[in-house]
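Below: one structure, written as structure tokens.
Each chain gets a letter, A, B and so on, in the order the sequences are listed, and its residues count up from 1. The figures here come from the full heavy-atom set of this structure, side chains too, leaving out hydrogens, waters and symmetry mates.
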Amino acid sequence: MLVTGGGGYIGNALCKRLVEEGHQLTVWGRSRPGAVAQAAYSFVSYDLNAPQLPGSLSDIDVIIHLAHAMDDRECLKRNETATEALRDAARAFDGLVFVYVSSQSARIDAPSPYGRIKWRIEQLMDGANEVVVRPGFIYGGAGKGAFGMLLQVLNKSPVIPVIGWNTQVQPLHRDDLTQAFIQIVETNHRQRLYSIAMVETVAFSLLLKNLARHRLGRRVLTLPVPVSLALAGAALCRMIPGLPTVPRDRILGLTGIVAMDTTASLENLGLVPRDLIAGCRDRPRSSRRALINEGRILLHYIGGEQPSTQLVRRYVRALQALGLSSPVSLPPMSGRWPMIMRVHEPLPGTASPLARRLELAVSIAEASPGGARLFAAYAPALRVVAMARLLLTLGVELILMPVRKWRR
Amino acid sequence: MSDTDPGPDVIIIGSGPAGVSAAWPLLEAGLAVLMVDQGRTAKPDAIAAEGGSLHDLRTGDGGQWKRFLGEDFSALVPRGLVSPKLKVPGQQYVFDGFHTAYGLRTDNFHAVGSLARGGLSNVWGAGAYVYDDDDLADFPIARSDLAASAAVVARRIGLSGSRDDDMAAFYGDDMPLQPALELDARAEKLLQAYARRKPALNTDQFQLGRARNAVLSQPLGARGACGYDDMCLWGCSRGAIYNAAQELVELKKQPHFTYRSGLLVRSIEGGANSYAVVCAAADQRPVRFRSKTVVLAAGTIGSTVLALRHLRHFDRDIPLYSNPTLAVPLVLPGFLGGVLPRKNFSLGQLGFRLRTAELTDAYAHGVLFAASGLPASAFIGQIPLSRPAAIRLFRALQPALLIANCFLPGRFSRNFLKVSDPAATGGVAISGGYQPGLDKVIKSTTRAMTRHFRKLGAYAVPGGARASEPGADIHYAGTLPMRADGTGSSAAPHTSSLGELAGSPGLYVVDGAVLNQVAAKNPTFSIMANADRIARQIARRLKA
């Protein structure tokens, strides 16, 4: 997998997810995805203005092209040239899937140059394995990029100017977009164009109020302002140091939005975007403690006894080295009685994040002196006893199997 | 090196088993040999192979996880169903950089190659057999053409095995052999059962005997004999398992031998007894060497890429053969719930040959391994039980387990390799697949194995058989087949019966690429014998 622009707001979350799913990941970008362990992917510095591609696509099956330069107008045009070059390089490889990330504002007559250039680049994507994704208004997750700016504004100002009298957006939580990418990569019946966002439109002011309230714990007032005034305000902000800068294009981008019908795309991917309040509620949190807890439970479950802290720490280190930094959900009582994992464990042959964690825990548990006692029959034992215990285990297994099946 | 410098007599590209086998006869003839390769070695901070057994390491060493999982936990990266030997953290350098170096892209093919010193022999299973006349049916050479070279190579690298059991003739009984290694108790029992029940068995269909390994049972030169540490997979501290890098140490002591590493050969320029080997150094700086004679021994994929680039044979698929493989775990009930041996040898214990109704004109060939040296985690994920139950089951099963790894003839594979013009994308594409009838052959082979071993008191684990993905066997061959001189069609790239690339006099290929077909035997030893044979002829020509 190749992700361009992997260091950005969407890129970070996408890269993290791809690594968690076990993909071999290459990132091209101006910056690294800070949320992902460096050992888990290979990074190549990539500048859209550079005349040549920074690397070969020979090992790549899927490209997700997120990189987009939006410093000035000249730069906007270069996006087109750079994307065309990448597309042409990709076309040299049969079966390589190219996913271009466009925008809801992409239209031939969009009021913003951003929307117009996105539309023009979309026209380049006319090959068999080329896919265009138009996400709605992306929010949620770590406060980076445009979303980070928005949070900053919401955090600083009690009154928030909202462009236009009744600007409507179709929100899309960042993690739902990530999920959409995963599905697009995996599906066998790929569409040419995906419009991905909540089905209903929401007033922009409502989105801001919810974000302020649920994410930041603040109440804010929104004040509708005409577009021209907003542009002037943004220009003023740029002049005063210390104030967040809002690019002109972002403001113009909000004005040209036409509602998209997302039902067909969501259905194709089997995706249900989370509702607005749930999406606004998420908060980046430290997961190390949760990982330690997870390691303790899984290693206890596998080894049948309290694991050493060394072993648990090794489990967490391994997860981090492999880029698996978010904890999996375990049944509430498993902290107390790890053995109830026996009922919760996914059926054999199921690929799930929990199955993967168990596999890792097994390998880590085995590679220790305690593991040698548990896994390897080096020590002489009474064979009758060993066989009786084995039969008992298998008996319990037989009884539990229907329960595990039913739980799915 | 200036353009007027005539250069060495011969340039050999690659330091794997084929390259070193070609080097010896040339040096013995007094020719100057330059060996060029990337020559990657283990990282300096890698855990060296230490003495001590697997048992001692596992039960006593708290830092064992570094060896088994890797300090960067590389063994835990998901890779699909591949042999455990491909995941050993200390061996990752053997495979590093290969795909990138050739711009390799694969489809349904598990491509493995090496830029390491000694090549893939760093990780081979050490099964060493010489192709017999049946195996050589499609070749322009016969067993007798290989006999002298096979004996030379066998003496050089040290083979252990038996000369007087049912597999001996099949493996080659006319070469020097060290005594066979001590058998594991399970393998011993199976072999005894075979001897006892032989009158009642159809030995035309099924034969069993000692495995033939390039593993020392007696010291040879600087290498020690097997100490039964069960560390074969994880790094033998005694050097008992043959590895071409061991011979490189000896080669470097020869006066007319030069070794240049850190170079990736990009192309062979020129033609007709005047070649320039163009390499890229680590800093991408080009380095050129000239010679009248160039020998390609970069491994089947590497040599094929270089030959096709030289011929400018671009964007056309050429066939690449490999062995479909099948692994079947066998249980000897008498050992169930027993004790795991503390001393053992974890490469091939026994070999067997099998004919079935679907395989009348050829055979399947398998090797039996003891399971004591393998990580339990490799099996536990495949047992359809909860993890704790699977661990308990495997603990009882492991002492009773032998793994039968069975190879089928390469003609059942259907892989293609294609090289693009370096001026364009320049990559290499390999697509893998199997011939349509293979499913049936695999089924009947599994059934036949199950039946024959059951008669010897070893039972196939139900649902335990696993067929591998195309290419996972790493026995690649047949891309530049040898053709009897004058019979080659002009379209497909090929070599003469001396491995000389058609249309390019003085450019030879000596590795798996020139094998016409890959029989159901690990081809490495036959490749080495063939490289020795070709090098002797080259020496004769150059001396004439």
Legend entry - A:Q310, CD: over 12 other non-hydrogen atoms inside 6.0 angstrom: no

Legend entry - Interface moiety of A:I302 toward chain B, non-hydrogen atoms closer than 4.5 Å: both

Legend entry - Pairwise side-chain contact, B:L385 with A:T393, heavy-atom cut-off 4.5 Å (strictly under): no

Legend entry - Where A:D59 and B:R105 come nearest, the two heavy atoms and their spacing: C-NH1, 4.2 Å

Inset, instruction - Decide if atom CZ of A:R383 counts as having more than 12 heavy atoms of other residues, nucleotides or ligands within a radius under 6.0 Å. - result: yes

Legend entry - A:R373 CZ to B:R58 CZ distance, which is reported to the nearest 0.5 Å: 11.5 Å

Inset, instruction - Drop me the distance from A:L392's CG to B:R392's CZ, to the nearest 0.5 angstrom. - result: 8.0 Å

Legend entry - Minimum side-chain heavy-atom gap B:F68-A:E366 below 4.5 Å: no

Legend entry - Side chains of A:S363 and B:L69 in contact at under 4.5 Å (non-hydrogen atoms): yes

Inset, instruction - Step through the shown structure and confirm whether more than 12 heavy atoms of other residues, nucleotides or ligands are within 6.0 Å of CD on A:E84. - result: yes

Legend entry - Heavy-atom pairs under 4.5 Å with chain B, option from A:A386, A:S368, A:A40, A:A321 with the top count: A:S368

Legend entry - Heavy-atom side-chain contact between B:P388 and A:M341 under 4.5 Å: no

Inset, instruction - Spell out, as yes or no, whether a donor-acceptor pair under 3.5 Å connects the side chain of A:E397 to the backbone of B:A389. - result: no

Inset, instruction - Taking all heavy atoms of B:P341 and all of A:Y378, pick out the closest pair and write down the distance. - result: O-CE2, 3.7 Å

Inset, instruction - Among the options B:G60, B:P399, B:G70, B:G334, pick out the one with the most heavy-atom pairs lying under 4.5 Å from chain A. - result: B:G334

Inset, instruction - Go through the atoms of B:F335 and report whether side chain, backbone, both or neither lie under 4.5 Å from a heavy atom of chain A. - result: backbone

Legend entry - B:L397 portion near chain A, given a 4.5 angstrom heavy-atom threshold: neither

Inset, instruction - Please determine, among B:L393, B:L336, B:D72, B:T106, the option with the most heavy-atom pairs under 4.5 Å with chain A. - result: B:L336

Legend entry - A:R389 atom CZ, over 12 foreign heavy atoms within 6.0 Å: no

Inset, instruction - Specify the closest pair of heavy atoms between B:G338 and A:A377, including all atoms of both residues, with the distance to one decimal. - result: O-CB, 3.6 Å

Legend entry - Shortest non-hydrogen contact from A:R342 toward B:S386: NE-OG, 3.1 Å

Legend entry - Part of A:A379 within contact of chain B (heavy atom distance under 4.5 Å): backbone

Inset, instruction - Report the C-alpha separation of A:E359 and B:R387 in whole Å, then their side-chain angles, then the decisive distance to 0.1 Å, and conclude whether the salt bridge (Lys or Arg N to Asp or Glu O under 4.0 Å) test is met. - result: CA-CA 8 Å; A:E359 188 191 321; B:R387 265 39 168 209; 5.4 Å; no

Legend entry - A:A318 to B:L76 - nearest heavy-atom pair and separation: CB-CD1, 4.2 Å

Legend entry - Any side-chain heavy-atom pair of B:W65 and A:I364 under 4.5 Å: no

Inset, instruction - Name the option with the most non-hydrogen atom pairs under 4.5 Å to chain A; the candidates are B:G381, B:P375, B:A396. - result: B:P375

Inset, instruction - Go through B:I383, B:L104, B:I380 and name the one with the most non-hydrogen pairs under 4.5 angstrom from chain A. - result: B:L104

Inset, instruction - Output all residues satisfying side-chain contact (heavy atoms from CB on, under 4.5 Å) with B:Q38, sequence neighbours left out; order by chain, then residue number. - result: B:R40, B:L115, B:L264

Legend entry - Nearest non-hydrogen partners of B:L340 and A:A376, listed with the distance: CD2-CB, 3.8 Å

Legend entry - Any side-chain heavy-atom pair of A:R317 and B:F73 under 4.5 Å: yes

Legend entry - Set of residues satisfying salt bridge (Lys or Arg N to Asp or Glu O under 4.0 Å) with respect to A:R357, sequence neighbours excluded: A:E294

